[in-house]
Amino acid sequence: YLKQNELLFLGTGAGDWINGDGIRYLPHRLCSSVLINKEILIDCGPHVFASANELGDENLYSDLKHVLITHRHVDHFNADNLEKLATQKKVDVACDKFTQKLVKNTDNISFVSLPMFKKAQLGDYEIIALPANHDVRGGGRNASHFIIITPDKKELFYGLDGAWFSNDEWMVMKKHKFDVVVLDCTLGNANDHRMFEHNNIDMTRAIAAEIRRQDLLNPDGVIIGSHFARTLNRSQTITKQTLKRFNVIAAEEGMKIAF
């Protein structure tokens with residue numbers, strides 16, 4: 001199979017980077033989304049095609065097989081964009097039933113329901129969905145975090161939108177040794193009520209330190225912060241420097257991580 005896996009960051013911003021049909025801030029971030037081995041898209045939000053345009057790759061999604069939706073908030077899920085992706089080829093879409101109802105044209109889409117805490121097979125990949133500490137109002141379960149195991153047994157944890165892990169989630173994570181960990185870093189230095197659903201930098205630092213202390217990260221593994229709010233974080237340069245001090249990489253659009 002692949003000699004090396006690739007994680008591509010399509011967007012690294014929170015919901016306040018949505019501005020009409022595009023971005024009006026420079027330097028800017030797009031709404032958070034990643035592509036794994038060009039086969040798995042995590043979150044099909046409002047900017048997935050803007051990402052392809054900025055990368056100059058009109059064939060970015062030509063090998064896409066699976067879409068994982070963390071939750072249906074508008075910065076993470078856009079039904080029109082999902083339907084547009086599915087006009088190009090058939091895709092499996094893992095999401096809850098409430099998100100499914102938002103999709104009008106289901107041609108070429110096969111919906112998959114992932115059980116919480118249990119390993120599920122999605123094509124060549126194994127997926128474990130975990131409930132995040134992030135409420136999705138209007139019915140349905142909380143947002144999902146994902147453990148993704150590649151065909152060559154590399155492990156990635158994707159944990160955007162959510163604050164402290166529940167003990168149940170942490171107990172599952174402790175059974176794994178990760179090559180890549182992606183953590184929520186929405187709030188910057190904010191210390192208000194939003195930290196019950198998102199991490200600030202101090203929380204990200206504490207979680208990253210405990211992941212390392214508990215030996216959940218492979219020796220050459222990396223921890224990455226993403227989902228930065230425009231109105232709560234300082235400049236990208238300062239954010240990058242701040243996270244680097246405790247050995248966390250600040251995600252940027254177009255950044256590739258080989259693992």
Side-chain angles (χ1 to χ4, degrees), residues 7-19 23 25-34 42-43 45 47 70-71 73 75-76 130-135 142-147 156-167 169-170 173-174 178-218 221-257 259:
L7 173 67
L8 170 62
F9 283 85
L10 304 174
T12 64
D16 57 359
W17 285 97
I18 299 176
N19 187 14
I23 298 297
Y25 303 94
L26 292 173
H28 66 245
R29 298 184 188 274
L30 303 175
C31 288
S32 291
S33 183
V34 297
I42 302 183
D43 283 342
H47 294 147
T70 58
H71 61 303
H73 285 164
D75 54 324
H76 293 264
L130 300 168
N133 184 7
H134 185 78
D135 186 31
N142 282 9
S144 296
H145 291 164
F146 297 113
I147 294 172
L156 179 149
F157 174 77
Y158 191 81
L160 298 191
D161 266 19
W164 302 113
F165 304 137
S166 69
N167 189 59
E169 181 176 16
W170 180 246
M173 292 175 65
K174 285 180 65 175
F178 297 106
D179 299 281
V180 180
V181 172
V182 182
L183 296 177
D184 183 273
C185 200
T186 303
L187 300 182
N189 294 316
N191 288 296
D192 60 21
H193 64 94
R194 287 169 290 193
M195 63 185 178
F196 298 114
E197 287 194 302
H198 294 288
N199 291 338
N200 60 28
I201 283 181
D202 286 339
M203 295 163 71
T204 303
R205 176 177 57 190
I207 292 169
E210 189 63 12
I211 285 172
R212 289 192 169 98
R213 194 181 75 84
Q214 295 277 353
D215 200 26
L216 272 62
L217 193 70
N218 276 321
V222 294
I223 300 178
I224 303 166
S226 189
H227 201 264
F228 301 101
R230 177 181 60 82
T231 51
L232 299 173
N233 283 272
R234 302 177 71 182
S235 72
Q236 293 191 26
T237 299
I238 292 175
T239 298
K240 186 175 181 178
Q241 292 171 346
T242 301
L243 291 176
K244 186 178 180 179
R245 288 202 294 267
F246 44 95
N247 202 17
V248 173
I249 299 169
E252 297 177 342
E253 277 61 16
M255 185 175 80
K256 295 179 180 179
I257 300 293
F259 66 101

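This one's a predicted model, so the numbers in the text were calculated from it and none came from an experiment. All residue numbers refer to positions in the sequence shown, counting from 1.
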**Student:** Atom CD of Gln236 and atom CZ of Arg230: how far apart are they, to the nearest 0.5 Å?
**Tutor:** 12.0 Å
**Student:** Ignoring hydrogens and geometry beyond distance, is a side-chain donor-acceptor pair present between His145 and His134 at under 3.5 Å?
**Tutor:** no
**Student:** For Gln214, enumerate each residue passing the side chain to side chain donor-acceptor pair (under 3.5 Å) test, keeping only those at least two apart in sequence or located in another chain.
**Tutor:** Glu210
**Student:** Go through the structure and list residues passing side chain to side chain contact (heavy atoms under 4.5 Å, CB included) with Arg212, not counting sequence neighbours.
**Tutor:** Ala208, Leu217, Ile223, Asn247
**Student:** So, the side chain of Asn200 versus the backbone of Asp202: is there a donor-acceptor pair under 3.5 Å, distance only?
**Tutor:** yes
**Student:** Check step by step if side-chain contact (heavy atoms from CB on, under 4.5 Å) holds for Leu30 and Leu10.
**Tutor:** CA-CA 7 Å; Leu30 303 175; Leu10 304 174; over 6 Å; no
**Student:** Would you check if the side chain of Asp161 reaches a backbone N or O of Asp184 as a donor-acceptor pair within less than 3.5 Å?
**Tutor:** no
**Student:** Decide yes or no on side-chain contact (heavy atoms from CB on, under 4.5 Å) for Ile224 and Phe9, but give the supporting numbers first.
**Tutor:** CA-CA 11 Å; Ile224 303 166; Phe9 283 85; 3.7 Å; yes
**Student:** Could you please spell out the steps behind the side-chain contact (heavy atoms from CB on, under 4.5 Å) verdict for Leu156 and Phe146?
**Tutor:** CA-CA 8 Å; Leu156 179 149; Phe146 297 113; over 6 Å; no
**Student:** Keeping Thr12 on the side-chain end and Arg29 on the backbone end, is there a donor-acceptor pair under 3.5 Å?
**Tutor:** no
**Student:** With rounding to the nearest 0.5 angstrom, report the NE2 to OG1 distance, His227 to Thr204.
**Tutor:** 12.0 Å
**Student:** Apply side-chain contact (heavy atoms from CB on, under 4.5 Å) to the pair Asn189 and Thr242, showing each step before the final yes or no.
**Tutor:** CA-CA 11 Å; Asn189 294 316; Thr242 301; 5.9 Å; no
**Student:** Should the pair Trp170 and Phe165 be assigned to parallel (<30°), tilted (30 to 60°) or perpendicular (>60°) ring geometry?
**Tutor:** parallel
**Student:** Sequence neighbours excluded, which residues qualify as side chain to side chain contact (heavy atoms under 4.5 Å, CB included) partners of Thr231?
**Tutor:** Asp16
**Student:** Do you know which two heavy atoms are closest between Asn142 and Asn133, and how far apart they sit?
**Tutor:** ND2-CA, 4.5 Å
**Student:** Looking at every non-hydrogen atom in both residues, tell me the closest pair between Cys185 and Ile201 and how far apart they are.
**Tutor:** SG-CG1, 3.8 Å
**Student:** Can you tell me how far the CG atom of Asn218 sits from the CG atom of Asp179, to the nearest 0.5 Å?
**Tutor:** 4.5 Å
**Student:** To the nearest 0.5 Å, what is the distance between OG1 on Thr239 and NZ on Lys244?
**Tutor:** 14.5 Å
**Student:** Main chain of Ala14, side chain of Asp75: is a donor-acceptor contact present, judged purely on distance under 3.5 Å?
**Tutor:** no
**Student:** Under a 3.5 Å distance rule, please check whether Thr70 uses its side chain to pair with a backbone N or O of Ala143 as donor and acceptor.
**Tutor:** no
**Student:** So, for Ser226 and Gly11, which heavy atoms are closest and what is the spacing to 0.1 Å?
**Tutor:** OG-O, 4.3 Å
**Student:** For residues Ala163 and Met203, report the shortest heavy-atom separation together with the two atoms involved.
**Tutor:** CB-CE, 3.9 Å
**Student:** Do you know the tightest heavy-atom contact between Ser32 and Asp43?
**Tutor:** O-CB, 3.9 Å
**Student:** Give a yes or no on whether the backbone of Phe228 and the side-chain of Trp17 come within a donor-acceptor separation of less than 3.5 Å.
**Tutor:** yes
**Student:** Treating Ser144 as the side-chain partner and Pro131 as the backbone partner, does any N or O pair qualify as donor plus acceptor under 3.5 Å?
**Tutor:** no
**Student:** Quick check: does any side chain N or O of His76 sit under 3.5 Å from a backbone N or O of His71, one acting as donor and the other as acceptor?
**Tutor:** no
**Student:** Please report the interatomic distance CG(Leu183) to CG(Asn199), rounded to the nearest 0.5 Å.
**Tutor:** 7.0 Å
**Student:** Distance from Leu187 atom CG to Asp192 atom CG, nearest 0.5 Å?
**Tutor:** 6.5 Å
**Student:** Quick one: are Val182 and Val34 in side-chain contact, heavy atoms under 4.5 Å?
**Tutor:** no
